[in-house]
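As C-alpha cells, the structure follows; a few thoughts come after it.
Every chain is numbered from 1 and lettered A, B, ... according to where its sequence line falls, protein lines coming before strand lines. Just the heavy atoms: all of them, side chains too, but no hydrogens, waters or symmetry mates, feed the values below.
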Number of protein chains: 2
Amino acid sequence: MRNRIARYGRGVTDPLGVRRQVCFALYAAQRALTDVYRPILDEFGLTYPQYLVLLVLWERDAAGDGRTPPTVSELGAALRLDSGTLSPLLKRLEVAGLVRRRRSTRDERRVEVTLTDAGLALRQPMCQVPRRVVEATGLTEAELVGLRDTLTRVTETIHRATERS
Amino acid sequence: MRNRIARYGRGVTDPLGVRRQVCFALYAAQRALTDVYRPILDEFGLTYPQYLVLLVLWERDAAGDGRTPPTVSELGAALRLDSGTLSPLLKRLEVAGLVRRRRSTRDERRVEVTLTDAGLALRQPMCQVPRRVVEATGLTEAELVGLRDTLTRVTETIHRATERS
DNA sequence: GTAAATTGAGTCGTGCGCAATCGGATCGCG
DNA sequence: CGCGATCCGATTGCGCACGACTCAATTTAC
C-alpha cells in the first residue's frame, strides 16, 4: 500500500516550497552536473547529448556482435530521445566528422549511424571523463551506486506507467 | 502521431555502458519526471520552469515578511537560472496574465515580479500537483527524502566547487 | 564631482527536447 | 497481387538553458 503523504496545508511544512521538492532537486542537480561536463566536453568540441550518442556507439562497436550499426531509432531507444532531437544532433556530429549516416539498403526508411575513424579515436582520450565528473560530485562510490539505482528505478517506474497509455 | 520511443532491450550490465553512469541516470530521470509533469501542468497551461517560478512567488507571498517583491535576479538565485532564461519566460507568464513586471522605483535597473490575482488563485488548485507526481515515482517517502537530500548535496558540492574559480 | 567599475535586465545565437505532421517504405491480410 | 495499416525518419515550431553581448543605472574610487 502506498504510504500517505502528509496533508498539504500551509506554514512551515509548505509542500510548495521549491527546495523541499524532489523534482526541483532533480532538475537542479541535472543542470549542475551538466555544468561540470560542459568545460570538459568543450575540450573535445562536444555537448553532453552528443557525448551520450558517442557512448552508445562505442558500446555497440565494442560489443562486436556482428549486428548492423544502430539506426536513429535504436539510438533513440537507448537514450530515450526521439528523432526530432537526434536528427539535427547526428547531422552536427556528421559535420564534425565523428559519425557517418547511411540509408540501410535493406530498409530504405532506416538510417544507420556508424563511427568514423575520428569518432572511434575519441574513445580512448575520453575514458577519463566520467572519473573527472564523478570527483566533482563529492560522493562516495557507494553513494553513487545507490543514487544511480534509485534514479534508474524512478525512471523505469515512470516509463512502465506511461507506456501503458 | 508522435515518434514512439521503443524499449531499450539490452542488459544493464555493460561495464562501460551508458546505463552504468550516474550522469545518464540523472539525465534520464529528470526527463522522465518532466514527462509526468507535462500533462498535469498542461491543464493549467504551464511548463515546468514556469511552474517553478510560480512556486517561488507563492512561497514569497505566503512568507509575508514585508519584503519587496522578488526581482528577476532573486528568482534566478532561487532557481539557478540566469536572465537570459528568465526574461522571456517571465514575459510569457505576463502575457498569460499570471504575473506583473514593474521597474523598481528605488533602483531602476531592477524589475520586480509580482503575482496577479489570477496567478495567486492558481495556488490552491495546484496544491495537489506534487502529490500526483510523487505517486508516479513509486518511491516511499523515506526514499524520496533521501534522494532529495543526496541530490541537493551533489548540487551544492558542485556549486561550491565551481564558484571558487 | 567625475571617471571607472559593477550590477541588472534584456537580446541574440546555438543546441537541445518534445509535439505534431509529412512522405516514403514495408508489412499484413485477403 | 493489391491496398490499407503501420512504421520510420525527417522536418517544423516552440520553449527552455546557457554563453556572450549590449545598455542603462548605480556604486566605487580617487
Side-chain angles (χ1 to χ4, degrees), chain A residues 27-39 41-42 45-53 68-77 79-96 101-113 162 165, chain B residues 1-6 27-39 41-42 45-53 68-77 79-96 99 101-113 162:
Chain A
Y27 170 76
Q30 198 274 324
R31 282 186 299 124
L33 205 56
T34 302
D35 288 342
V36 177
Y37 269 105
R38 203 184 327 278
L41 294 180
D42 263 355
L46 293 174
T47 66
Y48 182 64
Q50 289 168 8
Y51 165 71
L52 289 180
V53 167
T68 59
T71 64
V72 174
S73 289
E74 287 171 325
L75 290 173
L79 301 174
R80 297 206 159 267
L81 293 170
D82 70 9
S83 68
T85 300
L86 284 176
S87 282
L89 186 155
L90 290 169
K91 262 183 213 174
R92 284 186 284 269
L93 283 181
E94 189 172 43
V95 169
R101 295 182 309 142
R102 190 172 49 93
R103 289 270 166 197
S104 164
T105 51
R106 310 194 319 157
D107 181 347
E108 297 204 354
R109 291 170 307 181
R110 293 165 183 265
V111 169
E112 296 171 349
V113 181
T162 52
S165 52
Chain B
M1 160 83 80
R2 178 180 177 282
N3 250 325
R4 288 192 65 90
I5 297 179
Y27 171 75
Q30 197 274 328
R31 285 184 297 121
L33 206 55
T34 302
D35 287 343
V36 177
Y37 268 105
R38 204 185 328 279
L41 294 179
D42 263 354
L46 293 173
T47 66
Y48 182 65
Q50 290 168 8
Y51 166 71
L52 289 180
V53 168
T68 58
T71 64
V72 174
S73 290
E74 289 171 323
L75 290 174
L79 301 175
R80 297 200 165 273
L81 292 171
D82 68 7
S83 68
T85 299
L86 282 176
S87 284
L89 188 156
L90 290 169
K91 250 185 225 175
R92 283 185 284 271
L93 281 181
E94 190 173 42
V95 168
V99 147
R101 294 182 307 143
R102 190 173 49 94
R103 286 273 164 195
S104 163
T105 52
R106 309 198 321 157
D107 183 344
E108 297 204 356
R109 290 172 305 182
R110 294 165 183 265
V111 169
E112 295 171 349
V113 181
T162 52

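- DNA chain D is contacted by B/R106, B/D107, B/E108, B/R109 of residues 104-111 of chain B, taking any non-hydrogen atom closer than 4.0 Å.
- In this structure, the salt bridge (charged side-chain N to carboxylate O under 4.0 Å, His left out) partners of B/R101, at least two apart in sequence or on a different chain, are B/E94.
- In this structure, B/R103 has no salt bridge (charged side-chain N to carboxylate O under 4.0 Å, His left out) partners at least two apart in sequence or on a different chain.
- Between A/Y27 and B/L52, the closest heavy-atom pair is CE2-CD1, 3.3 Å.
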Report, one pair per line, the protein and nucleotides 11-14 of chain C atoms (nitrogen or oxygen only) whose separation is under 3.5 Å.
{"from": "C/dT11", "atom 1": "OP2", "to": "B/K91", "atom 2": "NZ", "distance (Å)": "2.6"}

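- For A/P69, the side-chain contact (heavy atoms from CB on, under 4.5 Å) partners are A/E112, A/T114, not counting sequence neighbours.
- Residues in residues 82-92 of chain B take part in no salt bridge (charged side-chain N to carboxylate O under 4.0 Å, His left out) pair, two or more places apart or across chains.
- A/L75 places its CG atom 16 Å from the C1' atom of C/dC16, with the value rounded to the nearest Å.
- Residues satisfying the ring pair (Phe, Tyr, Trp, His ring centres under 6.0 Å) criterion with A/Y51, sequence neighbours excluded, are A/Y37.
- The side chain to side chain donor-acceptor pair (under 3.5 Å) test applied to B/T34 returns B/Q30, not counting sequence neighbours.
- The side chain of A/L81 sits closest to C/dC18 out of D/dG15, C/dG15, C/dC18.
- Every residue was checked against the salt bridge (charged side-chain N to carboxylate O under 4.0 Å, His left out) condition with B/R31, not counting sequence neighbours, and none meets it.
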